[in-house]
Amino acid sequence: MTEKFYVTSPIYYVNAVPHIGSAYPTIAADVLARFYRGAGVPTFFLTGTDEHGSKIEQAARAAGQTPEDFTREVAAKFSFAWDQLGIAPDDFIRTTEERHIIAVTRFLEILKDSGKLYEGEYEGLYCVGHEAFINESDLDGKGLCPDHKTKPEKLKEKNWFFKLSDYGKVLKEKILTGSLEIEPDSRKNEVLSFIDSGLEDIAISRPNVKWGIRLPWDEKQTVYVWVDALFNYISALGFPNDEKYKKFWPADVHLIGKDIIRFHCVIWPALLEAAGISWPRKVFAHGFFTIDGEKISKSLGNAIDPNNLVDKYGADAVRYFLLREIPFGQDGDFSIDKLEARYEGDLANGLGNLFSRLTTLIAQNLEGELPDVVVSPRDFDGVGRLIENLKFHEALAKIWEEIAWANKYIDETKPWETAKKNEKLFKEVISSLVALLYEIAKNLAPFMPETAEKIRSGLSAEKIAKAEPLFPRLERTHA
Ligand code: MSP
């Protein structure tokens with residue numbers, strides 16, 4: 001196993017409050033971090049908020065607040081929501097923090113010294129929703145951005161440019177040799193063909209955006225918000241001198257959505273290369289999910305607040321559902337019906353029932369005293385490897401096979417009958433079930449930390465009592 005592990009989620013724009021879409025990669029990153037921490041690997045998990053640029057400035061104005069107040073309030077909402085979901089990052093970076101601004105300024109100076117920046121003029125269509133220039137050919141029939149349904153601004157400005165066009169060759173080579181891994185494969189191919197189509201230099205500063213980090217050598221310009229944002233991955237570690245930076249950089253995996261792959265797989269490595277900094281080892285792009293088949297959008301108002309889900313189903317059920325239902329790396333669909341079906345089937349009737357049957361048997365027949373625990377009758381080979389490979393849904397499927405096996409084993413051995421007739425056999429069955437349940441809890445801990453803890457503490461009580469249901473019956477939302 002690796003000697004250290006550094007995992008990041010994207011940092012989220014604070015023009016929107018947390019929703020299940022932004023919760024998704026953050027939960028996945030938390031699962032990885034918990035898994036590596038559990039394996040004794042020094043681990044660092046970073047998340048945070050992306051707070052500069054026109055989009056945020058406009059959102060603050062619309063809310064009638066200063067950008068400072070507005071960003072602080074929304075960042076706190078992210079932090080709160082993640083906490084409710086049982087997400088425990090080692091750090092939460094906000095791009096408006098002094099430590100970030102200092103690191104970005106330092107990095108820009110290095111970049112300037114590298115000779116890879118030049119001043120030029122740019123004319124193009126800027127989409128504030130994307131915080132990026134877009135091509136005329138991408139617009140819909142009405143001349144609007146197809147994703148944001150807004151008219152892009154025509155900009156003609158003086159900017160500082162980065163010679164991205166110099167980096168096609170090294171990018172290709174490192175991607176092809178696997179020195180920068182991009183997963184899934186389809187995303188890797190997408191990046192390679194984007195590089196093949198020819199890289200153009202990019203503007204890394206904006207003269208007309210006030211809400212941003214000033215260029216140290218040209219105070220009239222602020223850093224392009226995407227460049228500012230990418231630096232979070234090193235500024236949070238205390239680039240360039242902190243011990244943490246030396247210990248944890250390069251990132252072992254950047255978890256991102258498929259929408260922001262070019263920034264992470266092309267621009268970010270090229271910027272690092274220019275500054276002589278090592279590249280992240282892996283970028284994993286997950287898919288997008290719809291809600292009841294519809295795209296999550298402000299105009300539809302269908303974004304789901306994860307806090308409401310946690311209140312109703314508990315954090316672990318939400319974590320379980322998102323990672324079990326949608327194969328990580330593919331697109332999927334979220335619906336309350338599907339969530340409730342898995343809650344009742346997999347969680348209440350599967351795992352919850354197993355735990356309650358077992359504790360009831362011990363409480364009723366052994367006066368709550370645990371027989372000697374043996375080795376688990378089933379092994380969980382491969383679950384760890386599946387998690388390392390970000391195949392979360394397969395890891396969970398494998399754990400649930402064992403849960404099903406255990407429930408069937410109880411049905412077949414009928415321990416409530418042997419309890420009276422054959423104490424030795426009864427104790428054997430119970431011992432192996434307890435051992436199996438400990439294994440289940442251990443493997444489940446990165447995904448469902450609260451549930452794993454309830455199982456462990458329920459089974460390690462001096463006098464084992466019939467357990468409270470792990471997943472109480474739901475009042476159904478739909479008939
Ligand atoms: N601020 C930038 C990222 C900077 S990283 C240096 C940004 N923020 S965002 O808030 O718009 O979205 C970030 C991520 O949220 C996406 O890449 C994706 O991981 C996740 N998702 C947002 N909507 C989602 C879905 N509908 N489905 C799955 N993930 C979604 O882009």
Side-chain angles (χ1 to χ4, degrees), residues 7-30 46-56 59 71 74-75 77-78 81-82 85 87 92-96 100 103-104 107 127-132 145 147-148 187 212-213 223-236 251 253-269 271-272 280 283-298 300 302-306 318 321-323 325-335 390 392:
V7 56
T8 67
S9 80
I11 53 170
Y12 304 100
Y13 284 130
V14 290
N15 66 320
V17 291
H19 61 87
I20 49 161
S22 41
Y24 184 52
T26 331
I27 292 171
D30 186 64
L46 177 69
T47 188
T49 39
D50 191 351
E51 304 189 358
H52 284 133
S54 315
K55 175 150 75 179
I56 307 304
T71 54
V74 182
K77 288 186 185 161
F78 274 92
W82 298 164
L85 279 162
I87 296 168
F92 185 107
I93 181 110
R94 299 179 52 204
T95 54
T96 51
H100 176 72
V104 171
F107 193 101
C127 169
V128 174
H130 274 107
E131 288 286 16
C145 161
D147 294 333
H148 298 95
R187 300 294 159 209
I213 302 175
V223 182
Y224 171 39
V225 60
W226 256 105
V227 171
D228 172 343
L230 288 164
F231 288 133
N232 90 88
Y233 301 131
I234 58 174
S235 70
V253 58
H254 289 314
L255 291 184
I256 59 163
K258 63 176 186 179
D259 55 329
I260 54 179
I261 200 159
R262 287 182 191 175
F263 296 102
H264 284 83
C265 299
V266 176
I267 297 178
W268 179 226
L271 287 168
L272 291 168
V283 177
F284 190 102
H286 65 74
F288 260 53
F289 49 83
T290 47
I291 294 182
D292 297 321
E294 304 266 15
K295 211 171 138 175
I296 304 178
S297 84
K298 269 215 168 121
L300 284 174
N302 61 347
I304 292 182
D305 179 348
V318 179
F321 176 74
L322 286 175
L323 294 181
E325 179 73 20
I326 308 158
F328 205 60
Q330 292 175 32
D331 291 339
D333 184 50
F334 178 98
S335 79
L390 294 94
F392 302 123

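Whatever order the structure lists them in is the order used to number ligands and atoms, beginning at 1. All values derive from a computational prediction rather than experimental measurement.
To the nearest 0.5 Å, atoms CD1 (Ile213) and OH (Tyr224) are separated by 14.5 Å.
Of all heavy-atom pairs between Arg187 and Ile261, the closest is CB-CD1, 3.3 Å. Ala23 and Leu85 make their closest contact through CB-CD1, 3.8 Å (heavy atoms, listed as atom of the first residue, atom of the second, distance). Heavy-atom minimum distance, Leu255 versus Leu390: CD2-CD2, 3.4 Å.
Tested against Thr290, the residues Asp331, Asn302, Asp333 include a single side chain to side chain donor-acceptor pair (under 3.5 Å) partner, Asp333.
For ligand 1, the atoms closer than 4.0 angstrom to any heavy atom of Ile296 are 26 (N). Near Pro25, meaning under 4.0 Å from any of its heavy atoms, are these atoms of ligand 1: 19 (O). Set against the non-hydrogen atoms of Gly257, the atoms of ligand 1 under 4.0 Å away are 17 (O), 18 (C), 19 (O). Heavy-atom proximity to Gly287, at under 4.0 Å, picks out these atoms of ligand 1: 28 (C).
In this structure, His254 and Trp268 have tilted ring planes: the angle between them lies in the 30° to 60° band. In this structure, Tyr233 and His264 have tilted ring planes: the angle between them lies in the 30° to 60° band. Aromatic ring pairs are classed by plane angle as parallel below 30°, tilted from 30° to 60° and perpendicular above 60°; the pair His286 and Phe288 is parallel.
When non-hydrogen atoms are compared, ligand 1 lies under 4.0 Å from neither the backbone nor the side chain of Lys258. When heavy-atom distances to ligand 1 are checked against a 4.0 Å cut-off, His264 comes that close only through its side chain, counted from C-beta outward. Looking at Asp259 against ligand 1, only its side chain comes within 4.0 Å, counting heavy atoms. If you look at Asn232 next to ligand 1, the close heavy atoms, those under 4.0 Å, all belong to the side chain.
One option in Phe78, Tyr24, Tyr233, Phe263 has a heavy atom closer to atom 6 (C) of ligand 1 than any other, and that option is Tyr233. In the candidate list Thr290, Ile11, Leu230, Ile11 is nearest to atom 3 (C) of ligand 1, counting heavy atoms. In the candidate list His130, His52, His286, His286 is nearest to atom 18 (C) of ligand 1, counting heavy atoms.
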Quiz prompt | Check against side-chain contact (heavy atoms from CB on, under 4.5 Å), Ile27 and Ile87 | solution = CA-CA 6 Å; Ile27 292 171; Ile87 296 168; 3.8 Å; yes

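The nearest protein atom to atom 1 (N) of ligand 1, hydrogens excluded, is given as Asp50 OD2, 2.7 Å; this is a heavy-atom distance. At the shortest separation from atom 15 (O) of ligand 1 among protein heavy atoms lies Tyr12 CE2, 3.6 Å. If you check which protein heavy atom lies closest to atom 25 (C) of ligand 1, you get Phe288 CD2, 3.5 Å. Scanning all protein heavy atoms for the shortest distance to atom 27 (N) of ligand 1 gives Phe289 N, 3.1 Å. At the shortest separation from atom 21 (N) of ligand 1 among protein heavy atoms lies Gly21 O, 3.3 Å. For atom 8 (N) of ligand 1, the closest non-hydrogen atom of the protein is Tyr13 CD1, 3.3 Å.
Ring centroids of Tyr24 and Phe328 are separated by less than 6.0 Å, placing the two rings close together. The six-membered or imidazole ring of His19 lies away from that of Phe334, with a centre-to-centre distance of 6.0 Å or more.
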